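See structure below.
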Amino acid sequence: MLKSNSIILFLSLPFSIYAHLFRQNVDPASIQAILCNPRQKISADVIRLLPSLGIIVTTSNGTAHIDLAECSHGGIQVVSIPGDQLAEDIADMVVGLLIDVMWKVSATDRHIRKWGPSKPCNLSSGSKLEGKRVGIVGLGKIGGEVAKRLEVFGCRIMYNSRNQKPCLVPFLF
């Protein structure tokens with residue numbers, strides 16, 4: 001169950017996750033999903049810092065920047081979606097995967113396939129996306145598309161990027 005109303009999506013900046021979480025006053029246990037690219041190394045230390053992490057989506061062809069062994073050990077899904085030219089499609093996938101993780105759709109499916117009706121599954125522990133505080137690090141093409149989609153859910157969007165975006169972007173910098 002989500003311990004606070006936070007989801008952090010790391011998109012493009014090579015920065016310290018520890019510093020970012022501290023500056024934003026975000027509980028690491030509330031982070032369920034990461035969106036990253038090869039410039040953002042997702043190490044075993046980062047993964048262990050985020051006990052509720054359920055999925056990492058990378059916008060690259062490879063996953064060398066992600067500690068796959070630690071992901072496997074923690075049951076964390078890793079998805080690679082290459083290409084900036086697919087920003088809208090990637091944003092759709094990101095929001096779909098966030099909903100999947102928050103409602104535990106895939107986890108419930110795996111549970112039912114493994115145990116069948118013999119072991120009850122608590123479906124009530126899901127959490128809705130509406131009203132969540134979402135931090136997007138790197139509000140580029142993909143981050144902007146993700147933000148537009150999450151805004152429809154009534155999410156409070158905040159972003160961190162190299163530069164503040166023009167006044168056309170209504171999100172907190």
Side-chain angles (χ1 to χ4, degrees), residues 2 6-24 26-107 109-110 127 129 132-153 155 157-163 165 169 171 173:
L2 199 61
S6 299
I7 300 164
I8 303 296
L9 306 173
F10 297 99
L11 290 171
S12 63
L13 299 179
F15 68 98
S16 166
I17 186 173
Y18 308 102
H20 178 74
L21 293 175
F22 179 76
R23 277 195 310 270
Q24 297 295 323
V26 173
D27 177 9
S30 71
I31 298 172
Q32 297 180 340
I34 295 177
L35 174 61
C36 64
N37 72 27
R39 291 181 278 169
Q40 180 62 51
K41 183 170 174 53
I42 308 298
S43 67
D45 290 338
V46 169
I47 294 166
R48 285 191 293 268
L49 174 71
L50 310 172
S52 299
L53 187 62
I55 189 165
I56 299 172
V57 179
T58 181
T59 59
S60 66
N61 285 320
T63 55
H65 58 291
I66 301 171
D67 189 321
L68 296 177
E70 189 65 29
C71 289
S72 178
H73 180 262
I76 298 165
Q77 297 175 35
V78 177
V79 178
S80 176
I81 307 172
D84 225 20
Q85 67 276 17
L86 303 172
E88 291 179 357
D89 295 332
I90 293 169
D92 291 344
M93 180 69 75
V94 168
V95 173
L97 292 170
L98 279 173
I99 293 169
D100 173 75
V101 169
M102 294 182 73
W103 278 98
K104 301 180 181 181
V105 175
S106 294
D109 178 68
R110 286 188 302 274
S127 178
L129 193 54
K132 297 289 188 248
R133 178 176 62 168
V134 179
I136 300 178
V137 179
L139 196 67
K141 190 177 247 186
I142 296 170
E145 292 296 328
V146 170
K148 282 196 291 188
R149 283 154 178 75
L150 292 175
E151 193 175 31
V152 173
F153 285 92
C155 294
I157 309 292
M158 298 174 289
Y159 75 96
N160 186 339
S161 201
R162 289 185 191 116
N163 303 303
K165 300 300 175 187
V169 177
F171 312 122
F173 178 69

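Fair warning: this is a prediction, and the values are worked out from it, not measured in the lab.
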Minimum heavy-atom distance between L98 and A33, given as atom pair plus value
CD2-CB, 3.2 Å
Does the side chain of V78 reach to within under 4.5 Å of the side chain of L68, using non-hydrogen atoms?
yes
Please test I34 against V57 for side chain to side chain contact (heavy atoms under 4.5 Å, CB included), starting from the C-alpha separation and ending with a verdict.
CA-CA 6 Å; I34 295 177; V57 179; over 6 Å; no
Is a side-chain donor-acceptor pair under 3.5 Å present for D67 with S43?
no
Is E145 salt-bridged to R149, cutoff N-O under 4.0 Å?
yes
Exam field: side chain S60 to backbone N37, donor-acceptor pair closer than 3.5 Å
no
Quick check for you: to the nearest 0.5 Å, what is the distance between K104 atom NZ and I99 atom CD1?
16.0 Å
Using side-chain contact (heavy atoms from CB on, under 4.5 Å) as the criterion, point out the one residue from L50, I76, T63 that pairs with I56.
I76
Side chains of D45 and L49: closer than 4.5 Å at any heavy-atom pair?
no
Looking only at atom types and distance, does a side-chain atom of S52 sit under 3.5 Å from a main-chain N or O of A29, one as donor and one as acceptor?
yes
Please examine the side chains of M93 and D89, heavy atoms only from C-beta on, and report whether any two atoms are closer than 4.5 Å.
no
Exercise: identify the closest heavy-atom pair between I136 and G143
CD1-O, 3.7 Å
Distance col, row I55:CD1 vs L97:CG, nearest 0.5 angstrom, shows 4.0 Å
Do C71 and I47 touch side chain to side chain, with heavy atoms closer than 4.5 Å?
yes
Does any non-hydrogen side-chain atom of V134 lie less than 4.5 Å from one of F153?
no
Quick check: do P51 and I31 have side-chain heavy atoms less than 4.5 Å from each other?
no
Carefully, step by step, assess S106 and Q77 under the rule side chain to side chain contact (heavy atoms under 4.5 Å, CB included).
CA-CA 10 Å; S106 294; Q77 297 175 35; 3.7 Å; yes
Scanning both residues in full, the closest heavy-atom pair of H65 with T58 reads NE2-OG1, 2.8 Å
Out of the candidates D100, V105, V101, only one should pair with W103 under the side-chain contact (heavy atoms from CB on, under 4.5 Å) rule; please name it.
V105
